[in-house]
Amino acid sequence: MDAAAVAEAVPGATRLSLPWTYGGGLSAPLALPEAQLAGLSGRLLFQFDAEGRLAQILFERRRPALRPGDGPRALAALRAQLGPETRLCLERPRRGAPASARALWRGEEAETRLSWLDFGTGEALADLDAAEARARLREGDVAGAQEMLRRTPPPGALRRSLPRRLLIRLSDPARAEPAPCPPIP
């Protein structure tokens with residue numbers, strides 16, 4: 001489908017003043033501001049490829065609507081609807097990256113991907129940087145510790161600027177295979 005066909009087929013779909021651009025050559029000129037999926041409310045973004053064909057539908061739920069337990073609730077709802085996932089990836093937080101969970105269901109007509117990103121789970125990134133600065137001080141690297149503390153944002157700053165997100169993507173199963181789960185450090 002092209003954007004005009006989607007706008008006609010989806011009541012309430014609105015044209016964004018400027019299309020949102022994403023990696024992989026995708027852009028979203030249309031959105032459905034209020035949608036229900038997997039027992040949650042959120043926004044749908046209709047993403048089109050460079051040729052103007054619908055490539056993916058992205059359901060997104062962010063703070064402040066996002067609540068603790070939304071990720072497991074969405075996973076349970078998708079399992080109930082689609083059966084067991086094809087793949088489940090769990091990643092602990094690492095320097096500069098969130099804790100995340102990704103589930104994939106590959107079907108003949110659609111691929112469904114659930115992603116839960118949480119930059120505030122476990123140790124905050126600023127806490128990890130502060131711990132490394134203290135370790136450098138213990139080793140006698142005062143200049144390195146001071147430089148690290150100078151670059152470290154104040155506590156909580158990363159949590160506000162990089163919020164928790166829950167995404168569900170529906171896409172053509174013929175699209176490129178997603179990367180395998182990274183090894184857990």
Exercise for the section: State which residues pass salt bridge (charged side-chain N to carboxylate O under 4.0 Å, His left out) with Asp141; sequence neighbours excluded, sorted by chain then number. Expected result: none

Practice task
Measure the CZ-CG distance between Phe46 and Leu26 for me, rounded to the nearest 0.5 Å.
Solution key: 14.0 Å

Exercise for the section: Kindly check if the number of other-residue, nucleotide or ligand heavy atoms within 6.0 Å of CD (Glu51) is above 12? Expected result: yes

Exercise for the section: Answer yes or no: is there a side-chain heavy-atom contact under 4.5 Å between Thr14 and Leu32? Expected result: no

Exercise for the section: For the pair Asp70 and Arg61, find out whether any cationic side-chain nitrogen is under 4.0 Å from an anionic carboxylate oxygen. Expected result: yes

Problem - Note, Ile168 side chain near Leu78 side chain (heavy atom, < 4.5 Å) - result: yes

Practice task
Measure the CZ-CG distance between Arg53 and Asp2 for me, rounded to the nearest 0.5 Å.
Solution key: 11.0 Å

Handout entry: Min side-chain heavy-atom separation Glu108-Pro173 under 4.5 Å
Key = no

Problem - Note, Glu85 side chain near Arg79 side chain (heavy atom, < 4.5 Å) - result: yes

Practice task
Give a yes or no on whether the backbone of Gly83 and the side-chain of Trp105 come within a donor-acceptor separation of less than 3.5 Å.
Solution key: yes

Exercise for the section: Take atom CD of Gln36 as the centre, draw a 6.0 Å sphere, and report whether it contains more than 12 heavy atoms from other residues, nucleotides or ligands. Expected result: yes

Practice task
Run the numbers on Phe48 and Val6 for side-chain contact (heavy atoms from CB on, under 4.5 Å), then give the verdict.
Solution key: CA-CA 10 Å; Phe48 296 83; Val6 171; 3.9 Å; yes

Practice task
State, yes or no, whether a side-chain contact exists between Pro33 and Arg43 at a heavy-atom distance under 4.5 Å.
Solution key: no

Practice task
To the nearest 0.5 angstrom, please state how far the CZ atom of Arg113 sits from the CG atom of Leu58.
Solution key: 10.0 Å

Handout entry: Given Leu88, Leu82, Leu104, Leu75, the one that forms side chain to side chain contact (heavy atoms under 4.5 Å, CB included) with Leu114
Key = Leu75

Exercise for the section: Would you check if Arg169 and Ser115 make a side-chain contact, meaning some heavy-atom pair closer than 4.5 Å? Expected result: yes

Fill in the blank from the handout: Sorted by chain and residue number, the salt bridge (charged side-chain N to carboxylate O under 4.0 Å, His left out) partners of Arg15 (sequence neighbours excluded) come out as none

Completion exercise
Shortest non-hydrogen pair, Ala7 vs Leu30, comes out as N-CD1, 3.9 Å

Completion exercise
Nearest heavy-atom approach of Pro29 to Ala3 is CG-CB, 4.4 Å

Problem - Among Leu167, Leu170, Leu45, Leu166, side chain to side chain contact (heavy atoms under 4.5 Å, CB included) partner for Phe59 - result: Leu166

